[in-house]
Amino acid sequence: MSLLERSDIKYLPGVGPKRAELLASELHIHTFHDMLYYFPFRYVDRSTIFKIADLQGEMPSIQLKGHFVNFVTQGEGAKRRLVALFSDGTGTVEVVWFNRIKTIAQTYRTGTEYILFGKPTLFKNSYSIIHPEVDIYKPEMPPTGLVGVYNLTEKLRNRSFTSRTMQKLEATLLDNIAVERLPESLPPSIIAKRGLMPLGESLRNLHQPADIPSLQRAQYRQKYEELFFLELDILKNIKGQSRKLPGLPFAHVGTLFNGFYHNYLPFPLTNAQKRVIREIRHDTGSGHQMNRLLQGDVGSGKTIVAFLSMLLALDNGYQACIMAPTEILATQHYESISQMAAGIGVQVALLTGSTRKRERDCIHAALQDGSLGILIGTHALIEDVVRFRNLGLAVIDEQHRFGVAQRAKLWRKNVTPPHVLVMTATPIPRTLAMTVYGDLDVSVIDELPPGRKPVTTRLRYEKDRREMYHFVATELRKGRQAYIVYPLIEENEKLDLKALEEGYEFVREAFRGCKVTYVHGRMKPAEKEAHMQQFVSGEARILVATTVIEVGVNVPNASVMVIENAERFGLSQLHQLRGRVGRGADQSYCILMSKYELSRDTRHRLEVMTQTNDGFVVAEEDMKLRGPGDMEGTQQSGIAFNLRIANLATDGLIVQAARDDAQDVLDNDPELSTPAGQRLNTELKLRFARTQHWGLIS
Ligand code: ADP
Ligand code: MG
């Protein structure tokens with residue numbers, strides 16, 4: 001372990017035991033090393049000073065120069081705050097403090113010229129800034145250059161620990177440890193090949209950028225380094241295990257598969273479906289355990305692929321199961337699969353949380369004596385009491401909702417782990433798949449069944465509401481059905497439910513003479529089912545709903561989806577919702593209703609929806625906007641996705657370079673046993689010691 005790793009942060013001048021405790025609990029900074037690698041999350045150019053009169057729309061953090069006109073304390077108790085008027089001659093902004101009111105009121109004076117740094121927020125036509133950084137303006141030393149902004153927590157800020165405090169501490173640290181003399185962490189050949197900035201220089205520049213080009217080189221160096229060690233770790237582990245696990249041999253294609261394929265196939269398969277089935281047949285016949293991720297956009301036809309794969313298992317004397325994230329989805333799988341299975345006389349059962357005890361007991365028994373071939377269910381399926389006689393294939397639908405531990409449980413349902421097929425409608429961008437699923441094989445259904453028309457998507461505002469209803473009415477007159485979706489989030493559940501209920505009443509008024517029904521997550525299952533059924537049967541023409549319809553529901557006659565408060569949905573969620581329409585032969589529409597004032601990111605999100613129907617494009621954009629750490633699926637991957645500086649969404653080229661180089665290193669030194677390899681190994685241990693091992697997840 002290096003000196004940096006061992007040096008407790010409390011010994012850094014300016015820290016001390018109290019701050020050390022805060023740094024540890026709030027930012028996980030324990031050592032000099034942690035501190036050194038705590039990089040700014042963005043940089044601001046302190047050479048520009050804005051005029052208040054020039055503020056407009058959504059603003060980033062900016063600088064203003066001027067003076068305080070007055071200070072007033074407002075409110076009582078928890079609402080107490082200090083409000084100041086700040087003027088620069090071109091206009092005024094309100095400055096608000098909620099904490100340390102007394103100190104602040106004593107420190108800042110009216111009349112003195114200050115530089116304010118903070119993010120102006122627009123409220124009722126005027127701007128205010130909450131808890132800005134405030135400095136006395138010194139004409140002889142005007143603020144210049146690039147300054148790093150550090151991510152801090154509420155608690156730190158309340159203790160007067162600001163981004164500025166961090167800057168000062170980092171400056172002390174850089175000098176204290178003589179950063180430029182730190183030993184290099186990457187092999188010299190790589191430094192030369194990629195033209196990387198030396199380690200110390202890059203660390204200095206990340207905290208104290210000399211200029212933009214130096215900052216960019218420093219960032220590149222650190223991103224590269226971070227990704228290099230991540231890829232090295234992944235590749236080293238893949239080599240070490242997994243791929244060679246023995247698997248149950250599905251040696252032949254038998255009467256069930258062939259009988260169904262030749263006599264009962266409800267439609268010709270698309271080429272993409274055929275290709276994936278071939279891939280699965282190859283894997284399951286190879287003698288190794290299959291771990292395959294099947295990506296396919298909503299409506300691309302993953303279910304039939306799963307069903308045919310299950311028949312393969314049955315043909316070879318094994319059982320199969322499908323696990324779905326919700327009861328509605330499990331039920332829908334059960335219905336379509338038992339229908340398909342009926343012709344060839346295969347038994348299928350459904351097991352969910354609401355399966356009655358008697359039936360459950362029957363299922364348990366039939367699973368153990370082997371008379372039940374296919375089990376479909378929710379989480380209920382992985383409980384320990386559920387034992388198979390001989391589970392050969394486990395299919396997991398909508399993988400992102402299941403955690404690693406749950407997948408591991410499925411593995412243990414047989415002495416030899418079953419083959420695993422994970423299906424997802426959230427396409428994972430390539431760079432991410434490459435890294436997260438280093439040991440999963442990926443199949444893609446990149447072709448929709450014939451006859452589907454892309455959904456036309458439009459962005460509309462409150463002022464267009466009438467026109468929107470008019471449009472929905474036109475579609476209804478053509479005999480179609482419509483969804484109207486409302487957001488519902490837990491933190492805001494009461495208000496959201498109210499909005500849905502009001503919306504429902506409103507829609508009933510607007511569409512008199514036409515049956516409208518509704519569903520939401522807080523209804524009793526039986527009632528929900530009944531309402532849903534009204535819509536599925538076509539009796540109800542409009543379904544007002546929350547996102548419970550996001551997965552599963554299949555009503556081909558529904559050709560319109562209106563999404564209320566679309567700005568509150570994430571991109572992939574919008575895409576999933578939209579996948580509910582466009583399932584029949586008719587032209588379908590998705591109307592995003594949004595408020596007019598939107599942040600740049602939100603507007604971009606909605607615009608992406610209007611521009612593309614391609615799930616992969618949507619996923620790429622989503623990842624750029626949210627960062628991969630927030631992508632569904634990555635949290636459970638077990639990999640340390642709290643990358644410090646690299647961004648898997650935007651740094652695809654660096655990922656590729658780092659992966660190639662890591663592969664080269666391992667090709668020449670598979671065990672990392674040469675002196676250079678040992679140094680890399682030490683670095684790996686240092687970096688990944690605290691992270692859970694991800695190797696066996698899939
Ligand atoms: P998802 O991939 O979203 O799970 P599904 O398997 O539910 O998609 O299929 C969506 C719809 O498309 C279903 O109604 C299914 O019967 C139909 N479908 C699937 N494959 C084909 C095909 N090759 N030709 C025509 N219809 C198909
Ligand atoms: Mg599906």
Side-chain angles (χ1 to χ4, degrees), residues 260-262 264-278 280 292-311 321-343 348 350 374 376-378 395-402 421-428 442-455 481 535-536 538 547-559 561 572-586 588 613-616 618-619 632-633:
F260 178 78
Y261 197 88
H262 297 298
Y264 295 98
L265 209 56
F267 34 71
L269 298 181
T270 62
N271 286 326
Q273 286 169 322
K274 285 185 198 161
R275 186 187 65 235
V276 172
I277 288 163
R278 270 200 304 275
I280 291 170
R292 191 167 275 281
L293 177 72
L294 172 54
Q295 301 190 338
D297 213 341
V298 275
S300 61
K302 296 185 289 294
T303 316
I304 189 125
V305 171
F307 180 63
L308 284 163
S309 313
M310 293 197 289
L311 292 183
C321 67
I322 294 195
M323 186 157 80
T326 65
E327 196 154 335
I328 292 186
L329 192 55
T331 309
Q332 195 159 347
H333 274 320
Y334 173 69
E335 278 160 7
S336 55
I337 284 175
S338 32
Q339 210 175 8
M340 292 194 279
V348 184
L350 175 68
I374 295 180
I376 294 170
T378 54
V395 181
I396 305 177
D397 197 11
E398 303 298 340
Q399 145 273 343
H400 55 271
R401 309 203 179 195
F402 290 106
L421 180 66
V422 175
M423 306 198 292
T424 177
T426 311
I428 294 163
V442 179
S443 290
V444 183
I445 304 187
D446 49 6
E447 180 185 358
L448 290 177
R452 299 271 172 83
K453 290 205 182 73
V455 180
Q481 290 165 275
F535 188 68
V536 173
T547 48
V548 291
I549 58 162
E550 188 180 335
V551 278
V553 183
N554 191 12
V555 181
N557 189 46
S559 67
M561 165 154 301
S572 60
Q573 213 181 4
L574 288 171
H575 182 68
Q576 295 285 317
L577 278 168
R578 178 169 63 181
R580 298 304 109 208
V581 294
R583 305 202 137 214
D586 309 312
S588 290
N613 269 286
D614 184 331
F616 275 93
V618 170
E632 286 156 337

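All ligand and atom numbering here is 1-based and tracks the order in the structure. As the structure is a computational prediction, the values presented were derived from the model and not from experiment.
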Are the side chains of Thr303 and Gln332 in contact, using a 4.5 Å heavy-atom criterion?
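Counting from C-beta outward, Gln332 and Thr303 never come under 4.5 Å.
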
Looking at Thr303, which atoms of ligand 1 are within less than 4.0 Å of one of its heavy atoms?
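Those atoms are 4 (O), 5 (P), 6 (O), 7 (O).
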
Could you list the atoms of ligand 1 found under 4.0 angstrom from a heavy atom of Thr270?
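By the 4.0 Å cutoff, the relevant atoms are 23 (N).
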
Can an N or O of [X] be found at a distance shorter than 3.5 Å from an N or O of ligand 1?
{"X": "Pro268", "value": "yes"}
{"X": "Gly299", "value": "yes"}
{"X": "Gly301", "value": "yes"}

Indicate yes or no: does Arg275 engage Asp446 in a salt bridge with an N to O separation below 4.0 Å.
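Looking at Arg275 and Asp446, the cut-off is met.
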
With a cutoff of 4.0 Å, is Gln576 in contact with ligand 1, counting heavy atoms of the residue only?
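No; Gln576 lies far enough from ligand 1 that no heavy-atom distance drops under 4.0 Å.
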
Any heavy atom of Gly296 sitting closer than 4.0 Å to ligand 1?
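Heavy atoms of Gly296 never come under 4.0 Å of ligand 1.
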
Is there a donor-acceptor contact under 3.5 Å from the side chain of Glu447 to the main chain of Thr270?
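Judged by distance alone, no pair lies under 3.5 Å.
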
Would you tell me which option among Lys302, Gln295, Lys274, Met423 has the nearest heavy-atom contact to atom 1 (P) of ligand 1?
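Minimum heavy-atom distance to atom 1 (P) of ligand 1 goes to Lys302.
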
Atom pair CG/NZ of Leu448 and Lys453 - distance to nearest 0.5 Å
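Here the interatomic distance stands at 13.5 Å.
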
